[in-house]
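Inspection log for the structure reproduced underneath, given as structure tokens.
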There are 2 protein chains.
Amino acid sequence: MTARTSNDTARDIPEATVARLPIYLRALITLAEDSIETCSSEELATAAGVNSAKLRKDLSYLGSYGTRGVGYDVEYLRYQIAREIGVTQDWPVVIVGIGNLGHALANYSGFRSRGFRVVALLDADPDRHDEVVAGVDVRPFDELEEIAAEHGVAIGVIATPALAAQDVADRMVTAGIASILNFAPTVLSVPDGVDVRKVDLSIELQILAFHVQRKTAASALAQENSA
Amino acid sequence: MTARTSNDTARDIPEATVARLPIYLRALITLAEDSIETCSSEELATAAGVNSAKLRKDLSYLGSYGTRGVGYDVEYLRYQIAREIGVTQDWPVVIVGIGNLGHALANYSGFRSRGFRVVALLDADPDRHDEVVAGVDVRPFDELEEIAAEHGVAIGVIATPALAAQDVADRMVTAGIASILNFAPTVLSVPDGVDVRKVDLSIELQILAFHVQRKTAASALAQENSA
DNA sequence: AGGAGTTTGTGAACGAGAGAACAAACTGAG
DNA sequence: CTCAGTTTGTTCTCTCGTTCACAAACTCCT
Ligand SMILES: NC(=O)c1ccc[n+]([C@@H]2O[C@H](COP(=O)([O-])OP(=O)(O)OC[C@H]3O[C@@H](n4cnc5c(N)ncnc54)[C@H](O)[C@@H]3O)[C@@H](O)[C@H]2O)c1
Ligand SMILES: NC(=O)c1ccc[n+]([C@@H]2O[C@H](COP(=O)([O-])OP(=O)(O)OC[C@H]3O[C@@H](n4cnc5c(N)ncnc54)[C@H](O)[C@@H]3O)[C@@H](O)[C@H]2O)c1
């Protein structure tokens, strides 16, 4: 049981750490662009907006890539993190729902530079099918399975209205796409083993609103008490 | 010291709970649209995609709005959560950077229906200033302070390139905007008391990529071992 | 009224993550 | 070589969040 290959580093990176690795990667790329070759955990932590102890602990899950008394080699660490995340080569991605948001996503050059390649844009509306967005033409949604198989797509983005999102997710799962980024404001139910992340802008605004209200209520209260 | 008004319920809602309240609100609105008047914690939890114990604990921070043996009144709970978040009336919002993403955001009707009103669209590029997006015309970025003061804007959205984001954030803070939603892939540094939330799509994709890689590595390993 | 059946609200156990603190490992000067 | 100074990797503690489990509170049926 549990036979392991020799190269097994028995690592099991905490989810909170995984979520920060891309931030470190971005910070390292910025440092590299400024021709900085070495940095301390303190410097990198500042650039990433985190505590240096947290940064060091996060990096320690990947291995021991720093040098005590010196710091980290920017280029080396950048590569190690990219390798750990898996963005040393491009991942093919499909975007479904080429409306307002889908257009913005398709036109976004930042994906390409960060390890993702949009291989297809799909929409159910035939009126969209003539269009070419950022060099990729919009195809009928029915071609999902075919395109996913052809390009080995593992990641799908949902930018359809909320009502369509569950159907789209189901089709993606059928097509072998086990990682989904969902922009529609709805809860997706998917089989075990399928990974869903959601981005909900209204929720973010509502969280901000909550804190604004709390702050203003607190200051109003203080004013009242001092009067 | 610590004089309090009579109505002080001494509540101090955990951040993790605050982040879920909008999800519950959305689920309740969906239930109400389906003419469902009452629901149990189990039903609401399923609709929101969380554990029912967690849901009940979350709601208990707001007060005791359910009835044992019965469940929650959908409309009543919906109002209580909306009031707690502060979305019983509209919050004025400005969006800065009306490019690909800014256009999508400006055109998004979901903000309005969820308690936010886009009062201004700002861009530094004079070529953008003729345009009208979703009934709001694009104004020069310099008018930020004036517009913020006029409408009492508390929330700002940054959709500019990363390089401009820090400057925009600084100007927002100066203009009295203490809550910022940042789409630019950069770390913002702001004074204490200013609340920043970020949305970074590339990071979300990278997190998905990490898990895909982990899964495929694991199955490759299993196959190798069984061979 | 009483008892069976539901469902909430919460105390308590458990687990994950954050941060402080420090030994170990390195550099460079003398 | 030795010693002072620097910075990592890791241990320990504390805080925050999740989940379990159950008494309290309600409904409905007899
Ligand atoms: N626009 C934004 O800034 C914004 C912000 C937050 C959330 N969202 C969410 O993102 C989603 C998309 O928003 P949008 O503004 O782009 O909407 P949109 O209506 O402009 O675009 C939706 C697109 O999806 C297509 N579509 C509908 N059903 C489909 C299906 N079954 N299969 C494939 N394609 C289908 C439509 O043809 C349309 O082109 C919505 O769920 C919205 O709530 C958008
Ligand atoms: N488009 C997307 O789907 C997407 C996805 C993820 C992240 N982002 C991020 O969102 C931001 C905007 O992306 P985009 O694709 O809309 O870019 P864009 O280049 O299309 O638009 C940027 C807009 O900001 C304006 N601008 C530049 N400097 C400004 C300043 N100092 N003050 C005010 N306005 C200024 C520009 O004139 C332009 O209109 C970028 O940081 C990008 O990395 C975009």
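This structure is a prediction, so every number in the text was calculated from the model and none was measured.
- Taking atom CD of A:Glu15 as the reference point, atom C1' of D:dG17 lies 15 Å away to the nearest angstrom.
- Put simply, CG on B:Leu55 is 15 Å from C1' on D:dG17, counting in whole angstrom units.
- What separates CG of B:Asp58 from P of D:dT19 is a distance of 11 Å, to the nearest Å.
- Atoms CZ (B:Arg20) and P (D:dG17) sit 9 Å apart, rounded to a whole Å.
- Between B:Tyr79 and B:Tyr76, the gap from one ring centroid to the other reaches at least 6.0 Å.
- Each of D:dG17, D:dT18, D:dT27 was ranked by its minimum atom distance to the side chain of B:Val70; first place goes to D:dT27.
- Between C:dC26 and A:Thr67, no contact under 4.0 Å exists linking OP1 or OP2 to a side-chain N or O.
- Side chains of B:Arg56 and B:Ser41: a donor-acceptor N/O pair is present below 3.5 angstrom, by distance only.
- Distances shown here put a side-chain N or O of A:Ser41 below 4.0 Å from the OP1 or OP2 atom of D:dT8.
- Between the side chain of A:Arg214 and the backbone N or O of A:Phe210, no donor-acceptor pair lies under 3.5 Å.
- When each of D:dT19, D:dT10, C:dA24 is scored by its nearest atom to the side-chain atoms of B:Lys54, the top-ranked nucleotide is D:dT19.
- For B:Asp73 and B:Thr38, the side-chain atoms include no donor-acceptor pair closer than 3.5 Å.
- Distances shown here put every side-chain N or O of B:Arg56 at or beyond 4.0 Å from the OP1 or OP2 atom of D:dA21.
- For B:Lys57 against D:dT19, a side-chain-to-base donor-acceptor contact under 3.5 Å is present.
- The nucleotide whose nearest atom lies closest to any side-chain atom of B:Asn51 is, among D:dT8, D:dC20, C:dA20, D:dC20.
- Between the CD atom of B:Glu42 and the P atom of D:dT19 there is a distance of 13 Å, given to the nearest Å.
- Looking at the side chain of B:Ala16, the nearest of the listed nucleotides C:dA23, D:dA24, D:dT18 is D:dT18.
- Of the candidate nucleotides D:dG9, D:dT7, D:dG17, D:dG9 has the atom lying nearest to any side-chain atom of A:Tyr72.
- Taking every side-chain heavy atom of A:Ala53 into account, C:dA21 is the closest of C:dC26, D:dG17, C:dA21.
- A:Glu43 has its CD atom 12 Å from the C1' atom of D:dT6, to the nearest Å.
- At whole-Å resolution of the value, CG in A:Leu59 and C1' in D:dT7 are 13 Å apart.
- Note: CZ (A:Arg68) to P (D:dT8) measures 10 Å, nearest angstrom.
- Judged by the 6.0 Å distance and 45° axis criteria, B:Arg171 is positioned over the aromatic ring of B:Phe141.
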